[in-house]
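Here is the structure we will look at, set down as structure tokens.
Only this structure's heavy atoms are used, side chains among them; waters, hydrogens and symmetry mates stay out. Not measured: the values here are computed from a predicted model. All chains are named by letter (A, B, ...) in the order of the sequence lines, taking the proteins before the strands, and each is independently numbered beginning at 1.
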Amino acid sequence: MIGIVGYGSYVPRYRIKADDIANQWGADAESFKKGLLLEEKTVPGPDEDTITISVAAGRDALKRAGIDPKEIGSCYIGSESHPYAVKPSGTIVIEALGIGPEVHVADFEFACKAGTEAMYVAYSHVKSGEMKYALGIGADTSQGAPGDALEYTASAGGSAFIMGKEKVAAEILHTYSYTSDTPDFWRREGEFYPRHAGRFTGEPAYFEHVLSSARGILELSGLKPEDFRFAVFHMPNGKFPLRAGKALGFKKEQLEQGWVVNLMGNTYSGSSPTGLASCLDVAKPGDLMLITSFGSGAGSDSFILRATDRLPEIQGLAPKVRDQLADRRIHLDYGKYVAYRGKIRMNEI
Amino acid sequence: MITPRYHREIPQRYRLEGGKCTQCGEVHFPPRAVCRKCGGREMETVDLPRRGKVLTHTTIWIPPAQFESQKPYVVAVVELENGVRLTCMVADAPPDEVKIGTEVEIIFRKLQSDPRWEVLQYGYKAKVVG
Ligand SMILES: [Zn+2]
């Protein structure tokens, strides 16, 4: 049996409400909130980045796994917001988690799909017998240009998953990927904010890849939507994942637990992995779960997982996603938000 | 600027590694070459507990230039569960949230990111436990 041995998520404490972003730019808050199905999003503190989020999530994954970090053979971090252009985030994360130095480290990028990429490769190493345990993380502190629709959703957070053959809490039964050249969203080297092709991002990009990947893995597995307790689809906004789920034949009750976007925003590489973590927080032995990510450019990864008897034993060993979403939030006003996000040009010190 | 000292101190800054005197058991943080209690010179590496409580604290309104973006922030002396004391910033905390006796956990955060062409510096801070 191969699968998730330990998992952890991190949700920053700071938030900004969609109302406050809309008011700043003279936009109609109600229509944005209705259009995106989003109330507020997480904001990283001035001392947080993809590296600190990865460490926090990774530490909780280690707590749940209950293994010696030195037994982890690889550490992969998927992110669209690695703090360095040159120097892997993973080098710092392994030091902080006590992993290595005998460890294979790489940073992955694939817009919002980089997290499931990291999970996919970590899983494959264990499956091949190359490593006892492997760590895959999806984390981001993403930025949208001021006033752009992305500013309402781009948020911060992440999740970490330790894959292994022993102590499995959620077995990975199948994997599937679907990728094509679809220029829906991009950022050229040296540009600060990404660009997106407006309405082009929906049908030919998100829905084409998410639905194809989910249909592909369902066919591969011979399972039907009603066989699953939970399904998670990448959450660029509140609407897309619900529409994708409905198109595939999933019901609201199957989608709700992993649908964290209304309170969290789009955590990019951390989005569907954190949705999965939220499902793992409450799943019972035998429950089947489907997760499908999406990364612009574009591609989707799908996993089918089944909870084992060990899952309930580890759920309470670290903070749950929905508890973190509710815990002692600090709401920033727009001015404080742009200062925290480094959107104001300051004098060099 | 990044210094050889920062690199050398990574185990204590990132992982909270202390030095335990093999002779008398005294735990030092940061680690020391010579035991302050018995003068012993043999130390073993130990991971310090991450939970503790605030012994005393102050709010910094006028910080050094490199911490300007984080002001106001709280700096606290924290006593860990094993009695070891350390001084650090308290992350994400409005000043009125930190009191003497407040339970904290030691976490990993970015300490310094300016100037923007330099190496980022990471290390420990405290976080109020909910
Ligand atoms: Zn001694």
Worksheet entry | Donor-acceptor under 3.5 Å (B:R15 side chain, A:E95 main chain) |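 Yes; at least one donor-acceptor contact below 3.5 Å.
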
Worksheet item: Given the options B:R50, B:Q70, B:R13, which has more heavy-atom pairs under 4.5 Å with chain A than any of the others?
Response: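 Result: the option with the highest number of such pairs is B:R50.
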
Item to complete: Pull out the residues in residues 325-340 of chain A that come under 4.5 Å of chain B, heavy atom to heavy atom, sorted by number.
Response: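 A:R328, A:I330, A:K336, listed by number.
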
Fill in: Residues from residues 56-71 of chain A approaching chain B under 4.5 Å (heavy atoms)
A:R59, A:K63

Would you indicate whether [X], at its atom [atom1], is surrounded by more than 12 heavy atoms from other residues, nucleotides or ligands within a distance under 6.0 Å?
| X | atom1 | result |
| --- | --- | --- |
| B:R41 | CZ | no |
| B:K53 | NZ | no |
| A:R195 | CZ | no |
| B:R36 | CZ | yes |

Discussion item. Minimum heavy-atom separation for B:K110 and A:P46, please, with both atom names.
Written reply: CE-O, 3.8 Å

Practice prompt. Measure distances from B:F108 to the heavy atoms of chain A and classify the residue's part below 4.5 Å as side chain, backbone, both or neither.
Written response: both

Worksheet item: Is it the side chain or the backbone of B:E17 that comes within 4.5 Å of chain A heavy atoms, both, or neither?
Response: neither

Worksheet item: Can you check whether B:Y14 reaches A:I92 side chain to side chain, under 4.5 Å on heavy atoms?
Response: yes

Practice prompt. Applying side chain to side chain contact (heavy atoms under 4.5 Å, CB included) between B:Y122 and each of A:D47, A:V93, A:I51, A:V55, report the one that passes.
Written response: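 Between B:Y122 and the candidates, side chain to side chain contact (heavy atoms under 4.5 Å, CB included) is satisfied uniquely by A:I51.
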
Fill in: Salt-bridge criterion met for A:E48 and B:K127 (N-O under 4.0 Å)
no

